[in-house]
2 protein chains.
Amino acid sequence: MAGVSQSSVSRAYTPGASVSPQMAEKVRQAADHLGYRPNVLARSLITGTSRIIGLVVGHFENHFHPSALELLSRELKKNGYHILVFLAPNEESDTEEIVADLLDYQVDGLIAASVAMTVPLASRCRAEGIPAILFNRHQGEDGPTSVASDNFDGARRVAHFLVAGGHQRIAHISGWRGSSTGREREDGFRAGLQDFDVALATCADGRYSRSAAAEACRSIFARGCPAPDAIFVGGDHMAFAVIDTLKSELGIRVPEDVSVVGFDDVPLAAWPSYSLTTMRQPLERMVEATVGKLLEAIDQRNTPPVHLRFPCSLMLRGSARLPEDRRHHE
Amino acid sequence: MAGVSQSSVSRAYTPGASVSPQMAEKVRQAADHLGYRPNVLARSLITGTSRIIGLVVGHFENHFHPSALELLSRELKKNGYHILVFLAPNEESDTEEIVADLLDYQVDGLIAASVAMTVPLASRCRAEGIPAILFNRHQGEDGPTSVASDNFDGARRVAHFLVAGGHQRIAHISGWRGSSTGREREDGFRAGLQDFDVALATCADGRYSRSAAAEACRSIFARGCPAPDAIFVGGDHMAFAVIDTLKSELGIRVPEDVSVVGFDDVPLAAWPSYSLTTMRQPLERMVEATVGKLLEAIDQRNTPPVHLRFPCSLMLRGSARLPEDRRHHE
DNA sequence: ATGAAAGCGCTAACAG
DNA sequence: CTGTTAGCGCTTTCAT
């Protein structure tokens, strides 16, 4: 090569190694000349660390997911990690096979975003010493470390907001009840209504899909009167479908005839055409916490599972009548 | 382990290897018991193939990109490959450093989606024998293999459609002119107008961003009359911003006062709130071709670069006056 | 059909 | 500070 030993080359590429500046320079020169770069995979074999984080995600239709991927990727990159993507067939499928696949790649860590991890899988990760984090989901106190927003509290505050806005017949189109996020939002919403002794008019499962949410919306307004004057939808992505169905198909005005409130605050919610009032999940903070916890777990094994919750904030926009509007109308 | 040699284990996991059924069974049993799975990285070291494809992408704000990622990932997975994600700081930045990083991971192939590759980089990929494909971009006949839609022809047909619709003062808000896609759409649109001896009223650069497109829209309508009665926007993502600006800020009706036509056909374009008439890029076919070409190049080295173009199709929706509407108004 | 041995490209002790 | 040696977990000739 350039008349030096293999180890010197290695040291030239190891940040804190004891190597003279001239040696390092000599190596880099020769490397540039030959187009040489260290083989990360071979390095992984010996160090046992691949600098790859596996990300399991359901689909990208809901813009919350690509946003999360983008932020996670940037945050991880700062720390020298990259994301290997694994798409689950769908949100409901168990991720058994997929994560087994992931493990083969010797990922240093694993983020399950908006998908569930089977119990045997979680224990296998722990057995192999691969830190796993549930993002935007959780699986009980005994489950893997999780990072999410406070869905229960957020949904409860939506209920308070709607009641304060003078709404009488309040409906809910939930996310999939098979998901912790969907359940917590529904439960929180019911609790919030309870706080004011208001009954939930109707409740239907939107399954996090546009078509299911639209169908739920139709059925809510089809079944005999009285029609609701407010709908809380357990996710922005579904809320858009509800607004579309209301306005274009049913000829119902938003918010004059019915208020619609979402959950997530994806970018589209702020665009004027929807102007969706929604409970914002603090994505940045969730991402930071996820990456922080993950790297911590990679550094020092055997960190006990923790369950982080971040508070949501209500974004007041045009799709729901405000409390002030009430007096206005009276 | 289970009383067999290392090689036999290897063979048990190699599809076409000469191994007796009983041996294979014995190995799998022991493996299941021990929770053993082959180490993909170690395999890569010897086989020289990692089954990882690097994907470079700018950002996910424009929903075309996550859609592409999702389809690419699914298509690659069918063939046993996975995607390692690399986010470029922005669409305009050169990808030099990023792809160098990618190369370190010994990816089997490389897809640059909607970002440019510097020339030295492209040649380095070729030198290292790593197939690279430009997705939704191209860099001339001598550049790397590229897969895209026929942007020029598509934009030209948008011009014909607008002229046929009886529009008199036609404006264009282009994608970034530094991108082949942006240039081709602008050039094609100009050519299409030329075909009917119609002059382009105004043209502004939307730089593929919401804010730049909104600003371009404002300036087009601010500068002295006459205001355009049609705008072709070089990407759906920008078209939504234009429609928002028109309706919410400028109080201009779409399509009564001005027709808006986009390019891409992202899912949102079909939602009733925008109902965007747009030139559809055949994403599925582009993805199939990309993966097909990439795997072909991985199998047999030294495939000559090709440049695939797929035809677009106009999606007629509500944001632009139709040719029929013209008679109607007369 | 199976085992033994060599080596992929690198890092991590250990000498010097 | 630098070179030597061993070995990460696998696949692959080459024998048997």
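Chain letters run A, B, ... following the sequence lines, proteins first and then strands; every chain starts at 1.
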Please identify each residue that fulfils side chain to side chain donor-acceptor pair (under 3.5 Å) with Arg126(A), with sequence neighbours left out.
-> none
Sequence-distant partners of His82(A), ring-ring contact (aromatic ring centres under 6.0 Å, His included), two or more places apart = Phe86(B), Tyr105(B)
Counting any heavy atom closer than 4.0 Å, what does Ser18(A) reach on the DNA or RNA strands: base, sugar-phosphate only, or nothing?
-> base
Return each pair, listed once, that meets side-chain hydrogen bond (donor to acceptor under 3.5 Å, both in side chains) where at least one residue sits in residues 285-296 of chain B; pairs must be two or more places apart or across chains.
-> Lys293(B)-Glu296(B)
Sequence neighbours left out, what passes salt bridge (charged side-chain N to carboxylate O under 4.0 Å, His left out) with Glu128(B)? Give chain and number order.
-> Arg124(B)
Under a 4.0 Å heavy-atom criterion, DNA chain D is touched by chain B from dG9(D) to dT12(D)
Counting primed atoms, P, OP1 and OP2 as sugar-phosphate and everything else as base, the B/S/- map of nucleotides 10-16 of chain C against protein heavy atoms under 4.0 Å is BBBB---
His65(B) side chain to Ser114(B) side chain, donor-acceptor N/O pair below 3.5 angstrom | yes
Residues forming a side-chain contact (heavy atoms from CB on, under 4.5 Å) with Ser5(B), sequence neighbours excluded = Ser7(B), Ser8(B)
Among all residues two or more places apart in sequence or in another chain, which pass the side chain to side chain donor-acceptor pair (under 3.5 Å) test with Gln106(A)?
-> none
Can you list the residues that meet the side chain to side chain donor-acceptor pair (under 3.5 Å) rule with Arg28(B), with sequence neighbours excluded?
-> none
Ser8(B) vs Leu45(B), nearer the 5' end of DNA chain C by closest nucleotide | Ser8(B)
Terminal axes of the helix from dA1(C)-dT16(D) to dG16(C)-dC1(D) (five pairs each): angle between them, nearest 10 degrees = 30°
With Glu61(B) via salt bridge (charged side-chain N to carboxylate O under 4.0 Å, His left out) - residues at least two apart = none
Pairing residues for Asn151(B) by the side chain to side chain donor-acceptor pair (under 3.5 Å) criterion, not counting sequence neighbours | Ser149(B), Glu184(B), Arg185(B)
